[in-house]
Amino acid sequence: MAAEWRARGYAFPPPRLPTLPECLRGLCCGAKTRAGTPCKLTTVFLNGRCKLHGGLSTGPTSEAGKAVARENGKRGGRPRKNPSP
């Protein structure tokens with residue numbers, strides 16, 4: 001397997017990811033859940049939140065993307081299988 005990796009130009013073994021600082025290990029997400037209690041997940045990302053509360057996209061930023069979002073918002077929800085006449 002190592003020879004295949006080297007032939008493709010990859011480093012073997014793969015480089016190790018930078019370790020999480022000791023002060024951040026075991027840190028809880030802490031986001032307020034729907035029940036009103038803080039989230040207890042400890043698998044947090046760099047923004048300090050878990051995969052459920054971190055959020056990735058803040059929406060479109062370009063004018064073209066905003067125009068597409070406006071058009072998609074006009075359509076409403078999911079398309080129906082049997083549209084009513």
Using atom types as modelled, flag every donor-acceptor pair under 3.5 Å from a side chain in residues 35-42 to any protein atom, sequence neighbours excluded.
| residue | atom | partner | partner atom | Å |
| --- | --- | --- | --- | --- |
| Thr37 | OG1 | Thr33 | OG1 | 3.1 |

Partner set under side chain to side chain contact (heavy atoms under 4.5 Å, CB included) for Lys66, not counting sequence neighbours:
Pro60, Glu63, Arg70
Gap separating the CZ atom of Arg49 from the OG1 atom of Thr43, nearest 0.5 angstrom
13.0 Å
